[in-house]
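Single-structure report; data block below.
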Amino acid sequence: MAKDPMRVLVTGAAGQIGYALVPMIARGVMLGADQPVILHMLDIPPAAEALNGVKMELVDAAFPLLKGVVATTDVVEACTGVNVAVMVGGFPRKEGMERKDVMSKNVSIYKAQASALEAHAAPNCKVLVVANPANTNALILKEFAPSIPEKNVTCLTRLDHNRALGQISERLSVQVSDVKNVIIWGNHSSTQYPDVNHATVKTSTGEKPVRELVADDEWLNGEFITTVQQRGAAIIKARKLSSALSAASSACDHIRDWVLGTPEGTFVSMGVYSDGSYGVPSGLIYSFPVTCSGGEWKIVQGLPIDEFSRKKLDATAQELSEEKTLAYSCLE
């Protein structure tokens with residue numbers, strides 16, 4: 001029996017990431033090859049003409065799963081009835097700008113969009129914040145949409161997770177699909193901690209620890225970490241534009257695993273509301289290793305944390321606490 005369409009909101013839909021993301025959603029990459037979708041695309045009034053052009057292209061592509069397109073600059077119309085909200089729109093960070101420079105601009109954007117989602121989205125709407133500073137934007141959204149369950153507000157660190165998988169795959173000359181269980185801890189920023197201590201690679205003789213196969217702790221504790229942390233900046237330097245294709249693909253991965261579940265024995269990284277696990281202060285949106293089943297995520301518990309990792313987890317939590325204080329000061 002055919003499924004009812006799901007309504008998926010993409011904010012900032014006329015931008016780079018939005019342009020890469022909407023065809024992926026329409027093709028079934030995000031919610032599955034048997035799930036019809038109605039796309040809700042929101043952007044600011046100066047982008048209205050470009051947004052209409054994206055709508056024209058979606059019509060022209062004749063996606064079988066795409067059952068309708070709403071393209072609007074009205075936040076209420078955009079949020080009405082949506083089951084999934086991917087918040088890509090935000091005040092963009094330009095080369096040389098500090099994350100903190102964009103904080104106050106984004107606080108006002110996310111406050112307004114939170115109110116519209118709370119009033120008009122479908123019950124149990126799942127929210128993914130992509131726009132930076134993603135963790136703190138998600139926290140602001142959660143604060144101003146109190147009736148949306150905190151477990152339904154997440155931010156994107158799957159891009160960093162996938163970057164870490166890619167670096168290990170390249171280093172070992174193995175298929176990226178054979179690498180699993182890297183972890184991104186903390187903030188989607190340069191303080192994030194890409195952790196391979198629990199990661200494995202599928203080999204002809206079974207699963208082997210990444211650390212054992214790489215056999216170079218200096219690289220894993222140094223260059224590997226900084227490469228993943230600074231990959232976004234490296235792409236801006238190379239393209240003169242920020243990551244779009246990889247961000248869109250990772251957003252699809254995040255929602256797909258959340259809705260459809262993670263494979264047995266595999267965990268992924270999601271920015272979620274901290275409950276105090278691993279000594280991380282509660283009340284932050286922090287990236288943890290999670291498994292997903294039945295449309296719910298759960299933090300993986302009981303992983304041993306060595307002294308090197310402990311310092312990294314604490315440092316990124318400290319930055320998030322400072323961002324939270326700064327964001328709240330913008331509200332006063």
Side-chain angles (χ1 to χ4, degrees), residues 2-92 105-106 108-110 112-122 125-132 134 137 141 145 156 159 239 241-256 258-259:
K3 293 181 174 179
D4 289 334
M6 286 179 71
R7 292 180 179 269
V8 182
L9 167 65
V10 176
T11 72
Q16 272 211 101
I17 296 173
Y19 188 71
L21 179 58
V22 292
M24 294 182 189
I25 298 170
R27 203 174 274 287
V29 175
M30 177 179 279
L31 292 167
D34 62 344
Q35 176 59 63
V37 292
I38 297 171
L39 269 168
H40 288 224
M41 303 192 300
L42 175 70
D43 219 310
I44 55 176
E49 195 174 355
L51 187 66
N52 193 48
V54 177
K55 180 178 179 178
M56 290 160 67
E57 285 203 75
L58 286 167
V59 171
D60 293 351
F63 294 108
L65 288 172
L66 187 60
K67 302 304 180 188
V69 181
V70 176
T72 184
T73 59
D74 180 80
V75 69
V76 171
E77 184 185 7
C79 291
T80 299
V82 296
N83 308 102
V84 173
V86 186
M87 315 302 283
V88 179
F91 187 82
K105 303 272 190 189
N106 282 297
S108 57
I109 293 169
Y110 276 81
Q113 292 183 351
S115 302
L117 276 173
E118 177 167 56
H120 303 288
C125 175
K126 287 178 161 57
V127 182
L128 168 61
V129 176
V130 176
N132 282 320
N137 284 344
L141 191 147
L156 187 72
L159 176 55
R239 290 189 72 227
L241 296 164
S242 58
S243 315
L245 175 162
S246 53
S249 181
S250 302
C252 288
D253 291 345
H254 175 113
I255 296 288
R256 187 184 62 246
W258 189 4
V259 172

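Values in this document were obtained by computation on a predicted structure and should not be read as measured data. Hydrogens, waters and symmetry mates play no part in the numbers below; they use all other heavy atoms, side chains included.
Listed by first and then second residue, the salt bridge (Lys or Arg N to Asp or Glu O under 4.0 Å) pairs involving residues 9-25 amount to none (not counting sequence neighbours). Sorted by first and then second residue, the pairs that involve residues 245-254 and meet side-chain hydrogen bond (donor to acceptor under 3.5 Å, both in side chains), not counting sequence neighbours, are Thr154-His254, Asn162-Ser250, Asn162-Asp253, Asp253-Arg256. Judged as a side-chain hydrogen bond (donor to acceptor under 3.5 Å, both in side chains), the pairs with a partner in residues 51-65 (not counting sequence neighbours) are, in order, Tyr19-Glu57. For residues 28-51, the pairs satisfying side-chain hydrogen bond (donor to acceptor under 3.5 Å, both in side chains) are Lys3-Asp34, Arg7-His40, with sequence neighbours left out. The list of salt bridge (Lys or Arg N to Asp or Glu O under 4.0 Å) pairs with a residue in residues 8-23, not counting sequence neighbours, is empty.
Contact of the Pro5 side chain with the Val37 side chain is not registered, since no non-hydrogen atoms from C-beta on lie closer than 4.5 Å. The closest side-chain heavy-atom distance from Leu31 to Ile255 is below 4.5 Å.
Here the CG-CG distance, from Leu9 to Leu128, works out to 11.0 Å after rounding to the nearest 0.5 Å.
Of the possible donor and acceptor atoms, none in the side chain of Gln113 sits under 3.5 Å from a partner among the backbone N and O of Leu141. In terms of modelled atom types and a separation under 3.5 Å, the side chain of Asn83 and the main chain of Lys126 share no donor-acceptor contact. In this structure, Thr73 contributes its side chain and Pro45 its backbone to no donor-acceptor pair below 3.5 Å.
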Take Val10 and Ile25, measure what side-chain contact (heavy atoms from CB on, under 4.5 Å) needs, and give me the verdict at the end. CA-CA 10 Å; Val10 176; Ile25 298 170; 3.6 Å; yes

Is there a side-chain contact (heavy atoms from CB on, under 4.5 Å) between Met6 and Ile38? Walk through the geometry before answering. CA-CA 6 Å; Met6 286 179 71; Ile38 297 171; over 6 Å; no

Begin with the C-alpha distance, continue with both residues' side-chain angles, and end with the deciding distance and a verdict on side-chain contact (heavy atoms from CB on, under 4.5 Å) for Val130 and Ile17. CA-CA 9 Å; Val130 176; Ile17 296 173; 4.3 Å; yes

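Closest of all the heavy-atom pairs between Val22 and Leu39 is O-CD1, 3.8 Å. When all heavy atoms of Cys252 and Val29 are compared, the pair lying nearest together is CB-CG1, 3.9 Å. Scanning all heavy atoms of the two residues, the minimum distance from Ala14 to Val54 falls at CA-CG2, 4.4 Å. The two residues Val88 and Gly18 make their nearest non-hydrogen contact at CG1-N, 4.4 Å. In this structure, Ala244 and Ala20 approach most closely via the heavy-atom pair O-CB, 4.1 Å. For Val75 against Ala116, the heavy-atom pair with the smallest separation is CG2-CB, 3.7 Å.
Evaluated for a side-chain contact (heavy atoms from CB on, under 4.5 Å) with Met87, the options Leu42, Ile109, Leu117, Asn137 yield exactly one hit, Leu117.
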Check: residues 63-72 side-chain donor-acceptor pairs under 3.5 Å, at least two apart:
from: Lys67; atom 1: NZ; to: Pro64; atom 2: O; distance (Å): 3.0
from: Thr72; atom 1: OG1; to: Asp74; atom 2: N; distance (Å): 2.9
from: Thr72; atom 1: OG1; to: Glu77; atom 2: OE1; distance (Å): 2.7

